Amino acid sequence: MASDEFDIIRRYFNSSELAFPIPELSLGIGDDCALLRPAAGMQLAISMDILQEGVHFLPDADPYLLGQRTLLVNLSDLAAMGARPICFTLGLCLPTADEVWLDGFSKGLAQVAREHRCTLVGGDLSASNPAHASKTLCVQVHGELPVGTALRRSGAKIGDLIFVTGTLGDAAAGLKVLRNACKESLSKLHRAALVDAFFVPESRIEAGQLLRSLASACIDLSDGLASDLLHILQASDVGARIELDALPLSAALRAAHSEAEQRRLAISGGDDYELCFTLPAENTEAMRQALGAIGVSVTGIGAITAGTDIQWRELGEPVVLKISGYKHFHSALAGVVEGAH
Ligand code: ADP
Ligand code: MG
């Protein structure tokens, strides 16, 4: 039995699977702070994501998949800036010391941590408020990149082309599968693909680093294209034209929902953690070659224009869409929410 907080840390988190040495790390778990030695000429990129039971995941979520997802959604922010992961810290509020859950969760974390050489260097652990008795998972990731090379949201220029990696809407459709809100006839294979997209988003870490020298602006799609692309537009003081027919949709998404719902999920479902980026047209071939070489699919979906908003188009004609991404404190909360990230 894991008896107390220190026991839990020692048994599940301060393990060679999760807290492994890396060259930049002088001191890991065990003291009041971890000590890191950033390499000369490099800049730290730091980001944090919170995952709450009932908001970001269902209470019965598989702990291994949840462990993977907790780190992957954080790594996605590093990918969006073009940073290489170094390490992370972990904050946990848990109602009980459930050993099965701790074992699965820490193994899921470790799988992603090792794959990306992103080591656990510290954290905090607390019992949840008994009045709520739910889990809150918080990760802060640290990455690095050469000083001044980060992919920002603010670099998009009029005439740049807009691309997304992978396919859109699968993660939100996966959440609907988990809630039994898809076509009954949907095959096992398609159900699995969609649920997988929700729990284990593809890592775009390598793609982000390759895009550093090619893209003009980049963001990861956590709230959905409609909402996240606006962040690029606002930061860059430009508008965009998006061709709805061009949005990349998976076979599983097409099989699961009506065309209208496919489109809604692709635009505002959220949780895809794909990259949306802009680049000068002359970099298109180099970008396609670079991403093709690492097996990342990429789709052109539109272009940056003058203005401040997104002009959606279908078959070459403007259309009006009344949808947006998920906003905490603005959207009505009812259990796990599609697009809450
Ligand atoms: P303090 O009380 O000084 O903040 P703690 O007693 O909470 O530190 O933690 C002791 C050590 O264990 C610290 O190095 C801390 O970073 C680490 N730690 C605590 N919780 C976790 C966790 N969930 N995962 C990894 N390391 C942790
Ligand atoms: Mg201390």
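All values derive from a computational prediction rather than experimental measurement. Just follow the structure's listing: the first ligand is 1, and inside any ligand the first atom is 1. Heavy atoms only: backbone and side chains are in, while hydrogens, waters and symmetry mates are out.
For the pair Arg204 and Tyr273, the NZ or CZ position fails the cation-pi test of under 6.0 Å to the six-membered ring centre and within 45 degrees of the ring normal.
No hydrogens or angles considered: nothing links the side chains of Ser236 and Ser154 as a donor-acceptor pair under 3.5 Å.
Not one N or O of Gly28 is nearer than 3.5 Å to an N or O of ligand 1, by distance alone. In terms of N/O distances under 3.5 Å, ligand 1 is not approached by Ile9.
With hydrogens and angles disregarded, no donor-acceptor distance shorter than 3.5 Å links the side chain of Arg264 to the backbone of Gly269.
Residue Asp32 has at least one heavy-atom neighbour below 4.0 Å for each of these atoms of ligand 1: 3 (O). Taking every heavy atom of Phe6 and a limit of under 4.0 angstrom, the matching atoms of ligand 1 come to 6 (O). Under a 4.0 Å criterion applied to the non-hydrogen atoms of Leu120, ligand 1 contributes the atoms 24 (N), 25 (C).
Among Leu90, Ile8, Leu109, the residue whose heavy atom sits closest to atom 22 (C) of ligand 1 is Leu90. If you check each of Ser15, Cys138, Gly123 against atom 16 (O) of ligand 1, the one with the closest non-hydrogen atom is Gly123.
No side-chain heavy atom of Val238 sits less than 4.5 Å from a side-chain heavy atom of Thr305.
Only the backbone of Asp31 comes within 4.0 Å of ligand 1, judged by heavy-atom distances.
Residues passing the side-chain hydrogen bond (donor to acceptor under 3.5 Å, both in side chains) test with Gln209: none are found, sequence neighbours excluded. Remark: Ala255 pairs with Leu186, His190 by the side-chain contact (heavy atoms from CB on, under 4.5 Å) rule, at least two apart or across chains.
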